[in-house]
Every structure is written in structure tokens, then in C-alpha cells.
Trainee: 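Can you keep this structure in mind? I'll have questions shortly.
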Amino acid sequence: MSRPRLSAPPPPPKDEKPAGRLAHAVPARGEAPQNMTTSNQKRWVDLSFKLTEDERDEFILEAAKRKMKHKELFQAAMQHYRDTYPVPDR
């Protein structure tokens, strides 16, 4: 009589796409660099600045209340700021 397996099966090799609901969302290694461009062909970059925990929590809650992604809320806030306080022409 064989004993039941007590450990999980090993993970799939790195080059294989996983089966399941995310299988279509995971690009092959060769496709990965090409899938990170936007529709207007600009590069993605990090925006690095620090917030207090209260500011971060407030931002996250505001996005959730409006059912917006964090990036969408940031873009809307920037657009509102630009519209409200335009840079004067010299």
C-alpha cells in the first residue's frame, strides 16, 4: 500500500506557462519586453517620492471610494491641477 503524498507537486519549469485562469496573462519570456509599452509607445518609468502613512491611506481610500485605480486617481488629480493652475505663457 502506498503512502499519501505529503508535499505539494513541484512547480512547473520557468519557461512553461501555468495552466489556469492566469495562463493567458503571462507572456512568454521573449514577449515580455514588448508587452510593456503603452498605446502611445512611451516607456514606463517609476515615479519616486515619499508620503506619510496618513497621506498614503487617504489616497488609497479616495481611490476606493471613487472606484478608481491609483494611477487613474493620480492622472485625474494632475489634470485638475493643470486646468485649475495653468502655467502662464511668457
Side-chain angles (χ1 to χ4, degrees):
M1 179 177 231
S2 66
R3 299 175 70 186
R5 177 178 232 161
L6 298 177
S7 64
K14 295 274 185 191
D15 291 326
E16 286 184 21
K17 291 185 179 182
R21 66 181 182 85
L22 296 179
H24 66 281
V26 179
R29 284 182 186 261
E31 298 169 0
Q34 289 79 33
N35 72 350
M36 292 301 291
T37 57
T38 61
S39 60
N40 56 5
Q41 297 302 311
K42 293 184 180 178
R43 286 182 347 123
W44 292 95
V45 295
D46 287 329
L47 181 62
S48 179
F49 55 89
K50 300 288 185 182
L51 300 173
T52 65
E53 287 180 345
D54 291 340
E55 290 171 327
R56 181 200 58 200
D57 294 344
E58 200 174 314
F59 181 81
I60 291 170
L61 287 171
E62 192 65 35
K65 283 192 277 187
R66 296 173 183 273
K67 296 182 177 168
M68 298 173 80
K69 295 179 182 176
H70 298 168
K71 183 178 175 182
E72 293 170 340
L73 178 60
F74 177 77
Q75 289 172 330
M78 284 296 297
Q79 188 60 50
H80 175 72
Y81 186 82
R82 281 190 220 106
D83 294 344
T84 306
Y85 305 104
V87 176
D89 293 333
R90 290 185 178 209

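Predicted, not measured: the structure shown is a model, and the values here were computed from it.
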Trainee: Clusters formed by hydrophobic residues whose side-chain heavy atoms approach within less than 4.5 Å: which one holds V45, and what are its other members?
Mentor: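 Its cluster partners, ordered by chain and number, are none at all.
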
Trainee: Just jot down the salt bridge (charged side-chain N to carboxylate O under 4.0 Å, His left out) partners of R66, sequence neighbours excluded, or say none.
Mentor: E62

Trainee: Which residues end up grouped with L51 if you chain together Ile, Leu, Val, Met, Phe, Trp and Tyr wherever their side-chain heavy atoms are less than 4.5 Å apart?
Mentor: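 Other cluster members: L47, F49, F59, M68, L73, F74, M78.
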
Trainee: Has E72 got more than 12 heavy atoms of other residues, nucleotides or ligands less than 6.0 Å from its CD?
Mentor: yes

Trainee: Enumerate the residue pairs fulfilling side-chain hydrogen bond (donor to acceptor under 3.5 Å, both in side chains) with a member in residues 45-54, sequence neighbours excluded, ordered by first and then second residue.
Mentor: T52-E55

